Amino acid sequence: MHNVMNDDLVLVMDHPLITHKLTQIRKQETGTNEFRKIVNEIAGLMVYEITRDLELEEIEIDTPVEKTKAGQLAGEKLVVCPILRAGLGMVDGILQLMPSARIGHIGLYRDEETLQPVEYFAKFPSKLDERLVIVVDPMLATGGSAIAAIDLVKKRGVKNIKFVCLVAAPEGVRALRKAHSDVPIITAGLDEKLNDKGYIVPGLGDAGDRIFGTK
């Protein structure tokens, strides 16, 4: 893992296993079933970094040999908030390692005239302001959806937020950092740029279409 753009809150996970799996979903010939499966696998692998700073508490346990003191998670309340619909493709992979996490949902669409994201659905667990909220979306392209989603979460009083994606464009990273300088960005890959249609280059196409098998 290394940081990019001279910013300690932008983390690119360059683990060989993650890079290998990211390469598989970049391939045009990768079908829906395999694409969906690998997206969840990558999200699961990223949990190790997402949860790096969770607090531990010391408890006393009995091993087969003796009593000892050991660490366990202190019970920090975690919420995974996918940005609909593509973000749903990352949820199961995270839940496999963090099964007690609650799930929120953020629905956004782009207004064709203003090109700005508009909220159409938002549903969150109770006491959201007391929880660590992980906003997930496979792609960080222009940053518009991520910024709008984090705006929604912050309006509900949340202070502890992370944004997690599979592939990011530098333009999106800069936009999100400018709008929400306190929110760490964790990505499996940092790509070259956006093209004139707003797609990440080289990217992996439309993540939602490839996860759900739609056009």
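Note that the structure is a prediction, hence the values are computed from the model and not measured.
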Could I get the full list of side chain to side chain contact (heavy atoms under 4.5 Å, CB included) partners for [X], not counting sequence neighbours?
| X | result |
| --- | --- |
| K154 | I150, I161, H180, D182, V183 |
| K123 | F121 |
| Q28 | none |
| A141 | L194, I200 |

Considering residues at least two apart in sequence or located in another chain, which fulfil the salt bridge (Lys or Arg N to Asp or Glu O under 4.0 Å) criterion with [X]?
| X | value |
| --- | --- |
| K67 | D62 |
| D209 | R85 |
| D92 | none |

Could you measure the distance from the [atom1] atom of [X] to the [atom2] atom of [Y]? Nearest 0.5 Å is fine.
| X | Y | atom1 | atom2 | result |
| --- | --- | --- | --- | --- |
| L152 | E119 | CG | CD | 4.5 Å |
| R174 | T142 | CZ | OG1 | 13.0 Å |
| R156 | D129 | CZ | CG | 11.5 Å |

task: Using side-chain hydrogen bond (donor to acceptor under 3.5 Å, both in side chains) as the criterion, list what pairs up with E57, not counting sequence neighbours.
output: Q72

query: How would you list, by chain and number, every residue that makes a side-chain hydrogen bond (donor to acceptor under 3.5 Å, both in side chains) with D191, sequence neighbours excluded?
result: R26

query: Does anything in residues 28-42 pair up under salt bridge (charged side-chain N to carboxylate O under 4.0 Å, His left out), and if so which pairs, sequence neighbours excluded?
result: K21-E41, K37-E41

query: Is atom CD of E60 surrounded by more than 12 heavy atoms (other residues, nucleotides or ligands) closer than 6.0 Å?
result: yes

Please check if the side chain of [X] supplies one atom and the backbone of [Y] the other of a donor-acceptor pair under 3.5 Å.
| X | Y | result |
| --- | --- | --- |
| R210 | L204 | yes |
| K77 | E130 | no |
| R177 | I185 | no |

- request: State plainly whether one hydrophobic cluster holds both Y199 and L166, where clusters connect Ile, Leu, Val, Met, Phe, Trp and Tyr through side-chain heavy atoms under 4.5 angstrom apart.
  value: no

Distance-only donor-acceptor hits, side chain of residues 94-102, under 3.5 Å, sequence neighbours excluded:
none

- prompt: Is the shortest heavy-atom distance from the side chain of L9 to the side chain of S181 under 4.5 Å?
  reply: no

Side-chain donor/acceptor pairs under 3.5 Å, residues 131-138, sequence neighbours excluded:
| unit_1 | atom_1 | unit_2 | atom_2 | d |
| --- | --- | --- | --- | --- |
| R131 | NE | S126 | O | 2.8 |
| R131 | NH2 | S126 | O | 3.1 |

message: Would L88 and I211 count as a side-chain contact (heavy atoms from CB on, under 4.5 Å) here? Give the steps.
response: CA-CA 9 Å; L88 290 171; I211 289 167; over 6 Å; no

